[in-house]
Amino acid sequence: MALKIVKGSIDRMFDKNLQDLVRGIRNHKEDEAKYISTCIDEIKQELKQDNIAVKANAVCKLTYLQMLGYDVSWAAFNIVEVMSSSKFTYKRIGYLAASQCFHESTDVIMLTTNQIRKDLSSPNQYDTGVALTGLSCFVTPDLARDLANDIMTLMSHTKPYIRKKAVLIMYKVFLKYPESLRPAFPRLKEKLEDPDPGVQSAAVNVICELARRNPKNYLSLAPLFFKLMTSSTNNWVLIKIIKLFGALTPLEPRLGKKLIEPLTNLIHSTSAMSLLYECVNTVIAVLISLSSGMPNHSASIQLCVQKLRILIEDSDQNLKYLGLLAMSKILKTHPKSVQSHKDLILQCLDDKDESIRLRALDLLYGMVSKKNLMEIVKKLMLHVDKAEGTTYRDELLTKIIDICSQSNYQYITNFEWYISILVELTRLEGTRHGHLIASQMLDVAIRVKAIRVFAVAQMATLLDNAHLLTGNTQRNGICEVLYAAAWICGEFSEHLENPTQTLEAMLRPKVATLPGHIQAVYVQNAAKLFATVLKGEEGNTDSTAAQEASQLMIDRLPLFVQSANLEVQERASCILQLVKYIQKLQQKDVEVAEEVNALFAGELNPVAPKAQKKVPVPEGLDLDAWINEPPSESESEDEQPKAIFAKEEPKHSRPRHTEVDEKELARRREARKQEQANNPFYIKASPSSQKVYQEAPGVEHIPVVQIDLNVPLKVPGLPMSDQYVKMEEERRQKERAEKKKKEKKKRKEKRSGRGKKHDSAPESEEDITPAHMVDIVTEEMPENALPSDDDERDPTDPHKALDIDLDKPLADSEKLPVRSHRAAEAQKSPTDGETENATLPEPKKKSSKEKREKKKDKERDRKKSKDEKKKKKHKHEDKEEDLLGGQADEPVLQSEETSQVAEPPASSSTTAEVSDLDFWLSNAPVPSNTQEAATVVAAAAAPAASVTAPNSEPDEPKDTEMEEMKSSKHKKKKQKKEKEEKEKKKKKKHHHHHHHGDGAGDESVQNGTVEEEEPLPPMSNYCLLAENSYIKMMMEDADEVYDIQGNLQDGSQVVVSVIFENKCSSFLKSMEFNVLDSLNSKLQRPEGSGPHDGLVVPFQLPPGVSNEARFVFTVQSIVMPQKLKGTLTFIVKNEDDSTHEKLDFKLHFTCTSYLITTPCYSDAFAKLLESGDLKSSSVRLEGVNMPFHHLLARICFHHHFSVVERIDSCASMYSRSIQGHHVCLLVKTSAQTVSIDAKCDEPTLLGNVLDEIKQTFSQC
Amino acid sequence: MIKAILIFNNHGKPRLSKFYEHYNEDTEQQIIRETFHLVSKRDENVCNFLEGGLLIGGSDYKLIYRHYATLYFVFCVDSSESELGILDLIQVFVETLDKCFENVCELDLIFHVDKVHHILAEMVMGGMVLETNMNEIITQVDAQNKMEKSETFIFQSTRQDR
C-alpha cells in the first residue's frame, strides 16, 4: 500500500500540471521561449503515454500555450482522444482545447462526428452541454449536416439546460448548413414560448440574429414577438426583441404604429438604462419608417430627444456616447428636433473623449443650416488646429468638407469663404485627404461660375507658394491640391490678373519633383496660360512680352520632355514643338493668338460621376454582337503580341482607333475572359484622366530633395476665412435691418387683417440670401439616364445563404418536380388503390433519400407558411389590430402553425408532413354540397385542410368528397379504416410505378433513429372533426403535449389544433368554440370567465379561407381515453343578412394522444425493463400485410413511439406519457402475424394503448 | 454576436482569449496587442466603447471594455448586441468569477485559466449570450465541478487500488 502511494506521487511528480507550467513560465521571464519549448517537448512525451489522465493534463497545458500564441494544431489528434474519454473531467478539457484551436480546415474534425453524437445523447446533461459548447466553436458544414438532426432533437430535451444550448447552437448550424433552417424553424419558433426563460431567451437570440440579416423573412413572427414583448420581464429578452423590431419596422410601417405605444410606456416605466436606450432606438427606427405628418408622432420624437438629452447630459460617458449615437439617427429624418440641442452637441466637441467627439462630429453634419454653417466650421477649424492625432484631424477635415458640400452646397451662402476655408485646409501637414480638398476646389470652381475670378486668384497664390506645400512630398498627400490649382488657373486663365507670373510659377524646375499626374496637368495648363498671355499681348504694339513668354516656354519645357512619366513627356514634347512653331511665327510678326486660343476653346461642363454608366443603350444596338466576323482562334494567338506593341503608344488620345479597340475587345471578351485581366493592352487602353488622378501617386519613384519645414506654414497673401465670417455677419445684419424696415411697412399695411406673420422673430433659413448670385451648375447626365443599381451585398457573407423565405407561398415555377409528377400520376389512377392492401416499397439509393427528405421538409414548411400567409392576409383585411393584438390576451396559444414536436425522428415525420401536404393539395377544392352535419371522432388521420389549392388535380375532388361523405356517416372504426385506405391509395399514386422490393434486411438502426431506406406510406394525423355546409373543422390530435415537469397533481395540458375551413361563400365571424367539460378534462378558459363560457376563435374566415386555432385542455387522468362534446357557434354574414349557425362535434382524446415521442437509448431501455416496475401485457395482430418498417413507422407516427433498437423482424419501441409513464413495446413479426409484447407502469393505460394500436392495424 | 472576449492585464499580457471566429495564432496575438494598445491609452473616465480596431471586426464592430484593478475585460461585439447590455454582462462575468474564486484576483486567472473558460462557457456560447443570471451560472458551474471532484475521487481511489 505504501509503495503504491509512493508510486502515485512519483506519477504526479512527472506530470507537470497547468499550475506548474504557469509558475515555470513566470520564473523564466528572461528565457521564456526556451523554457516553453522544453515544456512542449515534455508535453509531446506525455501525449505518447497511454494514460488518459496524463494526456488530458498535457492537452490542458497546450490550451494555455495556445493562448500565448503557440501553434498547437499538431496535437489535434490527441485532443480528439481526450475528448472521447468517458470521464467528464477529461472530456471537458478535450472539448475546451478543441474549441480553442479547431477550425474548419482541421482535418481530424471528421473523426469527431460519432463521438460528438454520442456525447450529445449522453444521459449526463453536462456531457451533452460540454459537447454543445465545444461544437459551437468548431462546427463545420459537415458536422452541421451530420448532427443537425441530433441537435434538433435536443431542442426538445427535458432539461432546460440542454434545451437552451441546443437552441443557441442551431444558429451556428444554420450558418454552416443553410438547408437545415426550414426544417428546424418551426421548432425554433416553438421555443420562443418555452416555459424556461433561459430557453426562451436563447430562441429569441437566435431568431433575432437570423432576422437581423434577412428581416423580411421574419415579419410574420411579429405578432409572436409582440406578445413576448408585452409579457416578458427579462430585460435581456426585451432588449433583443426591441432591437429586432427596430430591424423589422422599416419593412412594415404598420408594425411601427402598433409598437409606438408599448415602447413609449416602456420608456416611461423602465429603470434600466440599457432597455430605455434600446426602446428609444427602436422608436426612432419606427419614426423613420413612418411617413411624417402624423400629429401624435411629434410627441414621440420629443420624448426621444428629451430622453437622449438626459443621456447626453449624464456624467456617465457611456450614456453620453450612446445618446449621441442615437441622436444621429433621429437627425436623418427629423433634423429640426435635434437642431435645438446644438449647444449640447457643440459642447461635446470639446469632450476629452475621442469616441464622443467623433460621435458629436457625426451629428454636426445634419445640424448645419445656412445660418450657422460658418460658425460651426469656424469652431471645427479651431479643433483642427488643436487636434493631436492625425487620424482625428483627418476625420475633422473630411467632416468639414462633408458638412459644407452636403446636398449640393445647399448651406453655403458665400463661396469665397468656402474657397478660403479650403485653402486654409491645405496648410495641414501630413493629411491623407489632399485629393478631397482638390476635388472640392475643382468642383466649386467649375460649377459656381461667379466664384471663378476669386478662385483663380487664390489658386495662383497657391501655385506661387507651391514650395510650402510640397515640402515633404513623400508623405504628404496635400500636393494633390496643386493638381486642382494648376488646372483651375489654366482653364480659367482669362480671369488671371497676371498670367505671366503664374506661367512662370508653373514652369519652375521644382515642379519636376511632383507626382507625374500633377506634372502632366501643369504642362497642359501652362500651354493654356501661354495662349492667354498671347491673347493679352495681342493688341500691344510691343510684342516683347509675348516673345518672352514663348522663350520661357521653350527654356523650361525640355525639363518635362525628359520626364520619366510618359504622359508628361508626351504632352511636353507636343507643346514644345508647338511653341517653337509659334515663336517662328511671332518673329515674322504673324498674329497667332487667335489660333492658339482655338486650341483650348469651348466650355467644359461638369459631368455626374455615374453619367457614363447611365447612358441607355440605344434601341437595336447589341453590344455583344460581332461587328465583323470573328477571326479564327489560331490567328489571334499569333497576332496579338505584335498588335499590342505596335499600337500601344500612339493610341493614347486618338479616338479614331477606338473601332479597332472595340473589335479587339469584343473578340477577346468572348474568347478569353481570364487573359483579359493580365493583358497590358487592356490596362493601358483607356487612360481616363480622372482615373489617373484618383490613383495614389507613384511618388516613391520620384527623387525628392527633402526639406524639413518646421516653420509654421502661413501662405502670404491669402485671406483668412475668419474675415469672411465677419463680413458675412455684417452683411446679414444689414439685410436684416432692411428686411425689418420692409416688414414694418408691410405690417402696417396688413394690420387690419389677421396677423399672419408670426415667425418674424427668429431668422428663418430662407431669409438668408447668398452673398453672390451663385449659379450652381448641376452635373450633366445623359438623356434618359437609367436609374443605377444600388450597392450589392458582399457575396461572401454567410448570411446570404440564409436568406430563405420562410413564408413564401409556392410559385408555379418553384414547385418541386416531385409534385407535378404526382399530380399526373393521380390522374392516371384515381381509384385503383381501393382494394389493394399491400403497398410495395420501392428501392431507393441512399443518397437520394436524404435529398428527398430535405425536399419534403421544404414542402412542408412551404405549406405551413402558406397557411400562415393566408391567415395574415385575411387578418390584414379585417383590421390591423388583429395582426398584433388579437391573440395577446387569449389563453389559446396563438394560431400560428407549429411543427409536430412529438414526432419520431426524421424519416417518418417528414413523410407524414408531406402527406399532409398531399391531402391538402387534393382536398382543397371540395364543393360545398355535403349537407348533413357530421360528428366524427378523432384519432385517425384525415386530410389537413387549407384553401387556396390550385386546381391542379381535376379528378381528385370528387374522390375525396365521396370519402368525406362516407366518413361523415361512419363511426369511429370505419373512419379509421378509411383513413388507411386513403393512405394506401395515396401511396399507390405516389409509388406504383416504381419497382418494388423488400429492403427490410439492410436497414440500420442507430441510437434510436430509424434510417429507413424506403419511402414510408404517407400518414396524417389530421382528422375531420365536423362539418356542415358552412364550415369544416379538422383536428390534429393532441398535436403537442406539454408536460408540467412530471407534476401529477397539476394534471397535464394537451394542445389541440383545429383547422377551420370556410366552405361557403359567406363571411364567417364571431366564432365561438365551446366544450362541455368533464370531470377529467377541461378546456382552459381565460381567467374570469365561467366554466361554460365559450372561447372566441381569434380570427374570422372570409369565404374559402381556412385557419388554425389551438386550444389547451387540462387533463387529470390520462389512463383512459376521453370524449368531450362541443359546439362551435358562428355568424354567417351575407351581403344583406346574417344568420347564427352552430355545429356540434365530439373531441376524442385517445390514450395515444397522451404519449410523447421520446427517444430512448438501448442501455436505458434495458435498465427500464430490468427494473421490474413494469406490468406487462401483449396483443397479437393477425393478417397484417405490410413491410415491417411500414408497420413500425405507423406505430411511431400514430402512437408516438420511437424505435429503440431493431434487429431483423423484431424491434423494441419506447414512448412516454405526459405524466411520465414509460411504455415499452417489443414488436415481432412472422408471416402475417404481428405480436406486440408491452410493458408499462400503468396497466390501464397500457391496455388502452394496445387497443388503439390494434385498431390501427385491424383493417390491414 | 460576440466576436471575441479578451482579458489581459495592464501590461497587455493575455489572461484569457476566446475567439468565436477562427484566426491563426499569430493574428490572435496581433489582435490582442492591437486591442491592448487601443484600450490602454484611454483615460479612466472616458466611455467604455471604442470603434473597432482594424484587425478585428470593421465598421460594424465595437470594442466594449471594462477595467478592473489590473485587468481589462474586452468584448468585441457587433451591432446586434446592446452596448449597455454587454457592459452589464462583463459585470456579471466578473462577479461570477468573484463568487467562484472567492475574491478573485489576477493570480486566480493566471493559474486557473481553464476554470475561467468553463465559467465563460456557461455565459456565452459560440458568440451568443447563453445565460445572464448569475445564480444559474454558478449553479451549473458548481454542479460540474462537483462531478469533476467525484470523478477524481474515484480516479484516485482506483489508482490506489492498483
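FYI, side chains are in, hydrogens and waters are out, and symmetry mates aren't considered; it's all heavy atoms of this structure. Residue numbers begin at 1 in each chain, while the letters A, B, ... track the order of the sequences.
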- Item | Tyr64(A) side, atom OH; His117(B) side, atom NE2 - distance, nearest 0.5 Å | 11.0 Å
- Where does Lys164(A) contact chain B at under 4.5 Å (heavy atoms): side chain, backbone, both or neither? both
- Would Arg213(A) and Asp78(B) satisfy salt bridge (charged side-chain N to carboxylate O under 4.0 Å, His left out), going step by step from the backbone distance to the final call? CA-CA 12 Å; Arg213(A) 311 294 182 145; Asp78(B) 68 11; 3.8 Å; yes
- Item | Distance-minimising heavy-atom pair for Tyr126(A) and Met147(B) | CD1-SD, 3.9 Å
- Query: Which pair of non-hydrogen atoms, one from Val129(B) and one from Asn205(A), has the smallest distance, and what is that distance?
  - Reply: O-ND2, 3.0 Å
- Contacting moiety of Glu278(A), where chain B heavy atoms sit under 4.5 Å: side chain
- Atom pair OG/CG of Ser80(B) and Leu210(A) - distance to nearest 0.5 Å: 11.0 Å
- Minimum heavy-atom distance between Gly85(B) and Trp236(A), given as atom pair plus value: O-CZ2, 3.5 Å
- Message: What part of Ile64(B) gets within 4.5 angstrom of chain A, counting heavy atoms only: side chain, backbone, both, or neither?
- Response: neither
- Message: Could you check whether atom NZ of Lys352(A) has more than 12 heavy atoms from other residues, nucleotides or ligands sitting under 6.0 Å from it?
- Response: yes
- Note on the structure: Turns out that what part of Asp88(B) lies under 4.5 Å from chain A's heavy atoms comes down to side chain
- Note on the structure: Cut-off 4.5 Å, heavy atoms of chain B, and the answer for Gln66(A) is both
- Is it the side chain or the backbone of Glu21(B) that comes within 4.5 Å of chain A heavy atoms, both, or neither? neither
- Message: Need one label for Asn124(A): side chain, backbone, both or neither, based on atoms under 4.5 Å from any heavy atom in chain B.
- Response: side chain
- Give the intermediate values and the outcome of side-chain contact (heavy atoms from CB on, under 4.5 Å) for residues His118(B) and Val130(A). CA-CA 9 Å; His118(B) 297 323; Val130(A) 156; over 6 Å; no
- Note on the structure: Under 4.5 Å to a heavy atom of chain A? For Leu107(B) that would be side chain
- Message: Quick check: under 4.5 Å, non-hydrogen atoms only, which of residues 42-49 of chain B neighbour chain A?
- Response: Arg42(B), Asn45(B), Val46(B), Cys47(B), Asn48(B), Phe49(B)
- Min side-chain heavy-atom separation Tyr171(A)-Met1(B) under 4.5 Å: yes
- Interface moiety of Val124(B) toward chain A, non-hydrogen atoms closer than 4.5 Å: neither
- Query: Does Met67(A) offer a backbone N or O that forms a donor-acceptor pair with the side chain of Gln29(B) under 3.5 Å?
  - Reply: yes
- Lys149(B)/Thr89(A) under side chain to side chain donor-acceptor pair (under 3.5 Å): CA gap, chis, key distance, verdict: CA-CA 8 Å; Lys149(B) 247 178 213 152; Thr89(A) 317; over 6 Å; no
- Message: Quick check for you: among Arg26(A), Gln125(A), Gln317(A), Arg23(A), which has the greatest number of heavy-atom pairs under 4.5 Å with chain B?
- Response: Gln317(A)
- Note on the structure: Okay, Thr63(A) and chain B: the region with an atom under 4.5 Å from a heavy atom over there is neither
- Heavy-atom donor-acceptor pair, Ser274(A) side chain to Leu84(B) backbone, under 3.5 Å: no
- Item | Leu96(A) portion near chain B, given a 4.5 angstrom heavy-atom threshold | side chain
- Item | Pair Arg92(A) + Glu151(B): basic N to acidic O under 4.0 Å | no
- Heavy-atom proximity to chain B below 4.5 Å, by part of Tyr161(A): side chain
- Message: Measuring from atom CG of Leu168(A) to atom CD of Glu131(B), what distance do you get when rounded to the nearest 0.5 angstrom?
- Response: 10.5 Å
- First locate atom CD1 of Ile110(B), then atom CD of Gln19(A), and finally report the distance between them rounded to the nearest 0.5 Å. 12.0 Å
- Task: Apply side-chain contact (heavy atoms from CB on, under 4.5 Å) to Met128(B) and Ser136(A), showing your working.
- Result: CA-CA 10 Å; Met128(B) 283 186 287; Ser136(A) 71; over 6 Å; no
- Task: Go through the steps for Leu87(B) and Asn318(A) under the test side-chain contact (heavy atoms from CB on, under 4.5 Å), then give the verdict.
- Result: CA-CA 10 Å; Leu87(B) 275 181; Asn318(A) 292 330; 3.4 Å; yes
- Salt-bridge criterion met for Lys91(A) and Glu148(B) (N-O under 4.0 Å): no
- Item | Proximity breakdown for Leu275(A) and chain B, heavy-atom pairs closer than 4.5 Å | neither
- Examine whether an atom of Leu358(A) lies under 4.5 Å from a heavy atom of chain B, and if so say whether it belongs to the side chain, the backbone or both; otherwise answer neither. neither
- Which bit of Phe88(A) is near chain B, if near means a heavy-atom gap under 4.5 Å: side chain, backbone, both or neither? both
- Message: Can you tell me which portion of Ser99(A) sits under 4.5 Å from chain B's heavy atoms? Options are side chain, backbone, both or neither.
- Response: both
- Check the pair Arg212(A) / Ser79(B) against side-chain contact (heavy atoms from CB on, under 4.5 Å), numbers first and verdict last. CA-CA 10 Å; Arg212(A) 197 167 71 94; Ser79(B) 60; 3.1 Å; yes
- Atom pair CD (Gln100(A)) and CZ (Phe19(B)), whose distance is rounded to the nearest 0.5 Å: 9.0 Å
- Message: Quick check against the 3.5 Å criterion: does Lys165(A) have a side-chain atom that pairs as donor or acceptor with the backbone of Leu130(B)?
- Response: no
- Message: Quick check on Glu81(B) against chain A: is it the side chain, the backbone, both or neither that has a heavy atom closer than 4.5 Å?
- Response: both
- Task: Find the distance between CE (Met273(A)) and CD (Glu83(B)) and round it off to the nearest 0.5 Å.
- Result: 14.5 Å
- Query: Counting distance only, does the side-chain N/O of Glu25(B) pair as donor-acceptor with the main-chain N or O of Asp71(A) below 3.5 Å?
  - Reply: no
